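Throughout, numbering of the chain's residues begins at 1 and tracks the sequence. Note: hydrogens, waters and symmetry copies are ignored here, and every other heavy atom, side chains too, is used. What you see is a predicted model, and the numbers here were worked out from it, not measured in a lab. When a ligand or atom number is given, it counts from 1 through the structure's own listing order.
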Amino acid sequence: MKICRFNNDRVGIVDGDGVIDVTDLFDRQQAWPVPPGDTIIRQIDGLKDKLRAALASDQARTPLSSVRLESPVANPSKIVGAPINYKAHIEEANADSEISHGHVYTSLDQYGLFLKANTSLIGVADEVEIRFADRRTDHEVELAVVIGREARMVTKEEALDYVLGYAVGLDMTVRGKEFPTFRKSVDTYCVLGPWIITTDDVADPNALELTLTVNGESRQSSNTSKLIFNVQRLIEYASSFYTLYPGDVIMTGTPDGVGPVEPGDVMDAEVAGVAKIQVRVAAGYAAAVRS
Ligand code: MN
């Protein structure tokens, strides 16, 4: 099942080239304080039978091509990133001073994970807005894992029980000396979408081809089988430090081939079996807005 958010916070199930609006199945009245995590994602497990019934029904479909696809998670409590999780990316980073900036990358368990600010999150219908004309902004295509229920200190053997599904992620990055959590948290620098495909439709998250092109030119091509910490181990590792909540996103890391994008570029990314996405880089640099 493919779950999306579209047209100003409608919740949908994607069926072929159509979208079924299932928003009214969800309780959207929130008590204060809101519990950590995303209130819609938290409800999906308990609504799966009703969602499947909607999929099997003759309820009207809106053409997918006519809807605006927003980030399938509206309010994660956190977006977790894995900085060096493919051997070939570690090698290219250490060989390129514009990526490594004096660091020598060794292994993930020496560097740990980072967090991207939730406010960096956009959907595939939005545009990445490059913030700085004088600094390099790179693309990183990644398999994104969306957590479905609270996960605290879980083992890798049980880790997939806590996953709702998967999406395509772009971990856009300003290169430089600062902490990754700062450089990767610029507004619009986390693309997620186009939908969440639930775990029952993905046989093995650690065996998925992933590719990215910029303006049709191949940049990244790899397979999640090359993850150093695979999906289960990443969940075990992340949840050993902090509780993961429904809607939390784990960006599993990027393979080699990272490189800069410029205003007006078009990125096409695919995680086979999850989705293909096309995301535009805005024609101009991000403009300051003051009110
Ligand atoms: Mn990354």
Subject >> Polar side-chain atom of Arg183 near backbone of Arg175 as donor-acceptor pair, under 3.5 Å >> reply: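 Such a contact is absent between Arg183 side chain and Arg175 backbone.
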
Original post:
How long is the span from the OG1 atom in Thr137 to the OH atom in Tyr285, to the nearest 0.5 Å?
Top reply: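 Result: 8.5 Å between the selected atoms.
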
Subject >> Straight-line distance of Thr254 OG1 to His139 NE2, nearest 0.5 Å >> reply: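 Spacing of OG1 (Thr254) from NE2 (His139) equals 8.0 Å.
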
**OP:** Taking 2.8 Å as the upper limit, name the protein N, O or S atoms near the Mn ion (ligand 1).
**Re:**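 Metal shell, protein only: Glu140 OE1, Glu142 OE2, Asp171 OD2.
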
Subject >> Side-chain H-bond candidate by donor/acceptor type, Ser77 with Asp248, under 3.5 Å >> reply: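 The answer is yes; a qualifying pair exists.
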
Original post:
Hey, does the Lys NZ or Arg CZ of Arg28 hover above the aromatic six-ring of Phe26, less than 6.0 Å from the centre and inside 45° of the axis?
Top reply: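 Ring-cation test returns no.
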
**OP:** Compare all side-chain heavy atoms of Ile277 with those of Leu170 and state whether any distance is below 4.5 angstrom.
**Re:**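 Yes, at least one pair of side-chain atoms sits under 4.5 Å.
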
